[in-house]
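Take a look at the structure set out below.
These numbers come from a predicted model, not from an experiment.
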Amino acid sequence: MRNLWTRAGVFGSMSMAFGSLLWSQKKTEPDQLFSSCSSADANLTSPYELKLVQVLFRHGARTPLKSIPDVMEVQWVPTLLQPPAHTDINYVVTDLQGGPRPPAPVEDSYRKNVLTGGTYPGQLTTVGMQQLYELGKRLRRRYIEETAFLGSTFSQAEVYVRSTNIVRTIESAKCLVAGLFQQNQKEIVTILTTEAESEILYPNYHGCKLLQILGSHRWAESSTLPDIAADLQNIQNALGIAAHQNVDFILIRDDMVARETHGLPCPPVLDTWRDTVEQRAVDMMCHIYEPSKRENLQLCVGPLLHTMLFNIEEKLQGTSSEPNRKLFLYSAHDTTLIPCLMAMGIFDMRWPPYAADITLELHQHRQTNEAFIKVSYLGQDHLLPGCSGVYCPLQEFKQALSAYSLSSELYQALCNNTEGVTKP
């Protein structure tokens, strides 16, 4: 088992983390986007009544998973990780049944290495904590101040908080809740997680045999594609990276964006390569996930999409064990959001920035009781392919995702069906 996690260290790490504030700085201010798309719901004359909200979000800014080799190093010092006082809340991390937090082999793999400056790879920084706090404040404006959809104090009955069993996502969830409720709580916030083998909040290369076989091959293959390989060779030469070093555009981008986000210096030559690095990193992900093949996205996010659809059905049918639940929060990774956006048909070929969010709102028509789903990404509403409007009739939404949503039973059957599939 130790060898499995060691081998998965690089591959598994990359299946859960990488991203950028770079793009978000070029976009319209999220606050403007949120306020512009919330007025209809705030208006009591709106024909739609908000019933349920599910937010799938990426963790905040963090230390890089690995530094670019053979280039000038920067100091990733512990003072970059100081939690702001306003992000403190009283919380506990448990498994899905409320028991002790499970072992975290992926987190353990990060802590086998130390970055220059003394911190571990993949740790949430003060900047990242503030990003999630700000996302929480934006959600507060929409769902507490403008619509009074949620109560102003955290309630376990109203809010479900789920995270991958990685410290940066757990801390990101904590910071979002602090911003959402401004540290107002009458009970402990429980952040639920699960063991790595059964995690559905990222493409699970550890728990799904078929995905491990297919994914590891396509990951290795992605850097050898002619255009990508040629650009990689050129940038390695420009940066002075030795030929024997194992680097790719995702690694280069990860370190580059982490440095820029925290005001740390990048090799000057990267200035002329920035757009190419961004493009090629996304090209690699598209090759790895291969969205044109249904099975790949099913294996990556099928169980998560199924869970979110199940939450919607439970709310509409009144069968939930928590009838007052109004908000599901899922703290995850860029490599969760990318295949979800692909499955929904709204991936824009840009890497999701730190603290990016996909929000699903369930609305009911006040007169007809017909259910509608509204999807937003980075605070901006999106019209999904197959939907007749931004307020997408539930049946159309379910049909749009039917090719990718996968029950737990079907997922396990597919994962174990490796007959005739050999490791390259």
Side-chain angles (χ1 to χ4, degrees), residues 9-27 58-74 76 110 113 115 121-125 127-128 131 168 202-203 218-225 227-241 245-289 332-339 341-342 347-356 378:
V10 175
F11 186 50
S13 298
M14 292 177 177
S15 77
M16 287 180 293
F18 299 107
S20 121
L21 193 62
L22 185 64
W23 177 47
S24 67
Q25 292 171 338
K26 299 177 182 177
K27 303 297 281 186
R58 188 189 176 199
H59 57 76
R62 52 156 174 74
T63 59
L65 296 181
K66 188 177 179 182
S67 296
I68 304 171
D70 299 338
V71 302
M72 65 177 187
E73 295 184 336
V74 294
W76 292 100
Y110 296 143
N113 302 295
L115 299 170
Q123 287 190 279
L124 192 70
T125 62
V127 172
Q131 288 172 330
R168 63 177 174 273
Y202 51 71
R218 294 195 67 80
W219 188 279
E221 188 179 62
S222 63
S223 287
T224 67
L225 300 177
D227 291 345
I228 294 177
D231 280 341
L232 184 59
Q233 182 64 56
N234 289 334
I235 195 172
Q236 282 191 247
N237 292 339
L239 288 170
I241 300 174
Q245 294 285 7
N246 184 21
V247 298
D248 58 42
F249 278 109
I250 293 176
L251 183 156
I252 293 170
R253 182 191 181 281
D254 184 54
D255 191 14
M256 177 184 77
V257 171
R259 293 182 188 217
E260 291 177 341
T261 302
H262 297 93
L264 298 173
C266 279
V269 70
L270 271 180
D271 289 343
T272 58
W273 281 92
R274 182 177 287 102
D275 291 344
T276 300
V277 170
E278 289 282 348
Q279 177 189 337
R280 292 309 188 195
V282 171
D283 290 344
M284 285 183 64
M285 295 305 288
C286 288
H287 183 77
I288 292 163
Y289 289 137
H333 306 265
D334 46 7
T335 48
T336 316
L337 270 63
I338 290 174
L341 293 167
M342 288 176 172
F347 183 55
D348 59 3
M349 295 299 291
R350 296 175 184 264
W351 202 285
Y354 296 128
L378 296 171

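- Here E221 pairs with R218 under the salt bridge (Lys or Arg N to Asp or Glu O under 4.0 Å) rule; sequence neighbours left out.
- For the pair Q131 (side chain) and A61 (backbone), a donor-acceptor distance under 3.5 Å is present.
- Although no hydrogens or angles enter the test, the distance criterion places no donor-acceptor pair under 3.5 Å between the side chain of R253 and the main chain of E278.
- In this structure, the side chain to side chain contact (heavy atoms under 4.5 Å, CB included) partners of Q245, at least two apart in sequence or on a different chain, are P69, D70, I241, A242, V247.
- Between M342 and C286 the shortest heavy-atom distance is CE-SG, 3.9 Å.
- The CD1 atom of I228 sits 9.5 Å away from the CG atom of D248 when rounded to the nearest 0.5 Å.
- Using a distance-only test at 3.5 Å, with no hydrogens or angles considered, a donor-acceptor pair links the side chain of D254 to the main chain of L65.
- A side-chain donor-acceptor contact under 3.5 Å links N234 to the backbone of A230.
- Scanning both residues, S67 and L251, for their nearest heavy atoms gives O-CD2, 4.2 Å.
- Smallest separation of non-hydrogen atoms from W76 and A258: CH2-O, 3.5 Å.
- Of all heavy-atom pairs between A281 and W351, the closest is O-CZ3, 3.5 Å.
- Residues satisfying the side-chain hydrogen bond (donor to acceptor under 3.5 Å, both in side chains) test with D227, not counting sequence neighbours, are none.
- Distance OG/S223 to CD1/I288: 7.5 Å, rounded to 0.5 Å.
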Worksheet item: Do M285 and I250 pass the side chain to side chain contact (heavy atoms under 4.5 Å, CB included) test, and can you show the C-alpha distance, the side-chain angles, and the key distance before you say yes or no?
Response: CA-CA 9 Å; M285 295 305 288; I250 293 176; 3.4 Å; yes
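- In this structure A229 satisfies the side chain to side chain contact (heavy atoms under 4.5 Å, CB included) test with no other residue, sequence neighbours excluded.
- For T125, the side-chain hydrogen bond (donor to acceptor under 3.5 Å, both in side chains) partners at least two apart in sequence or on another chain are H262.
- Between the CD1 atom of I235 and the CD1 atom of I68 there is a distance of 7.5 Å, given to the nearest 0.5 Å.
- Side chains of S222 and F249 form no contact here, defined as non-hydrogen atoms less than 4.5 Å apart.
- Of all the heavy atoms in V71 and P267, the pair that sits closest is CB-CG, 3.9 Å.
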Worksheet item: Passes side chain to side chain contact (heavy atoms under 4.5 Å, CB included), V277 versus V257? Steps please.
Response: CA-CA 10 Å; V277 170; V257 171; over 6 Å; no
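- If you take OG1 on T261 and CZ on R62, they are separated by 9.5 Å, rounding to the nearest 0.5 Å.
- Legend: residues meeting side chain to side chain contact (heavy atoms under 4.5 Å, CB included) with A356, ordered by chain and number and at least two apart, are L337, P352, P353, Y377, L378.
- Side-chain atoms of R168 come within 3.5 Å of backbone N or O of G122 as a donor-acceptor pair.
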